[in-house]
Amino acid sequence: MSVSPDAIQLDTYEFVLLRHTRQYGDFDEENRERIFREHLGHTLSMVASGRQLVAGPITDSPAEETQICGFGLFQQGSLDEVRRMMDADPGVQQGLYCFDVMTWRTPAGSVTFPSASTRAS
């Protein structure tokens with residue numbers, strides 16, 4: 001039994017990979033920790049407000065020039081809006097992190113966030 005691609009309803013999300021910048025190693029431990037805590041506060045605020053659906057650290061990043069260190073999922077309807085939100089992150093502003101933003105589509109209803117409705121209220 002085959003399914004017509006036209007019959008599949010898709011939900012669209014914006015997917016963010018947070019990366020350490022090339023300069024990450026130039027920051028001393030104290031500054032990395034301070035900036036991380038500012039970044040964490042910003043991220044938790046976005047999740048609590050419903051602007052960001054989920055976020056969390058990544059381990060076991062593939063060997064790349066800039067190590068992947070975090071993940072975020074949004075549903076803003078605009079890559080540019082998510083970029084603006086990420087540009088406001090203190091870790092990005094201070095040069096500890098950079099990010100990639102991509103569109104991710106999945107069958108409608110396959111991913112749910114039960115607490116999203118309570119956060120947005």
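Residues: numbered from 1 along the sequence shown. These values consider heavy atoms only, across backbone and side chains, with no hydrogens, waters or symmetry-generated copies.
Scanning all heavy atoms of the two residues, the minimum distance from Asp89 to Thr43 falls at OD2-OG1, 3.9 Å. When every heavy atom of Arg51 is checked against every heavy atom of Gln76, the shortest pair comes out as O-NE2, 2.8 Å. Annotation for Val82 and Val16: closest pair CG1-CG2, 3.6 Å, computed over non-hydrogen atoms. The minimum heavy-atom distance linking Arg32 with Phe27 is given by the pair NH1-O, 2.7 Å. Among all heavy-atom pairs drawn from Asp28 and Asn31, the shortest one is OD1-N, 2.8 Å. The minimum heavy-atom distance linking Ile35 with Pro90 is given by the pair CG2-O, 4.3 Å.
Between the side chain of Ser45 and the main chain of Gly41, no donor-acceptor pair closer than 3.5 Å is present. Looking at Thr12, its side chain never comes within 3.5 Å of a backbone N or O of Arg105 through a donor-acceptor pair.
To the nearest 0.5 Å, atom CG of residue Leu18 and atom CG of residue Asp100 are 9.5 Å apart. Here the SG-CG distance, from Cys98 to Asp87, works out to 11.0 Å after rounding to the nearest 0.5 Å. Here Ser78 contributes atom OG and Glu14 contributes atom CD; the two are 7.0 Å apart, rounded to the nearest 0.5 Å. Note that CG of Leu96 is 6.0 Å distant from NE2 of His20, once rounded to the nearest 0.5 Å. For the atom pair CE of Met85 and CZ of Phe99, the computed distance is 11.0 Å after rounding to the nearest 0.5 Å. Taken from OG1 in Thr106 to CD in Gln9, the straight-line distance is 13.0 Å, to the nearest 0.5 Å.
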Would Thr103 and Leu79 count as a side-chain contact (heavy atoms from CB on, under 4.5 Å) here? Give the steps. CA-CA 7 Å; Thr103 300; Leu79 294 175; 3.6 Å; yes

Let me see the working for Gln52 and Leu73 under side-chain contact (heavy atoms from CB on, under 4.5 Å), right down to the final yes or no. CA-CA 6 Å; Gln52 185 170 357; Leu73 193 62; over 6 Å; no

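Residues in residues 43-67 take part in no ring pair (Phe, Tyr, Trp, His ring centres under 6.0 Å) pair, two or more places apart or across chains. Screening residues 32-72 for ring pair (Phe, Tyr, Trp, His ring centres under 6.0 Å) gives Phe15-Phe71, His39-Tyr97 as the qualifying pairs, with residues at least two apart or on separate chains.
Under the salt bridge (charged side-chain N to carboxylate O under 4.0 Å, His left out) criterion, Arg84 pairs with Glu81, sequence neighbours left out. Residues satisfying the salt bridge (charged side-chain N to carboxylate O under 4.0 Å, His left out) test with Glu30, not counting sequence neighbours, are none. Residues that satisfy the side-chain contact (heavy atoms from CB on, under 4.5 Å) test with Asp60, not counting sequence neighbours, are absent from this structure. Under the side-chain contact (heavy atoms from CB on, under 4.5 Å) criterion, Ile68 pairs with Leu17, Arg19, Ile58, Ser61, Pro62, Glu64, sequence neighbours left out.
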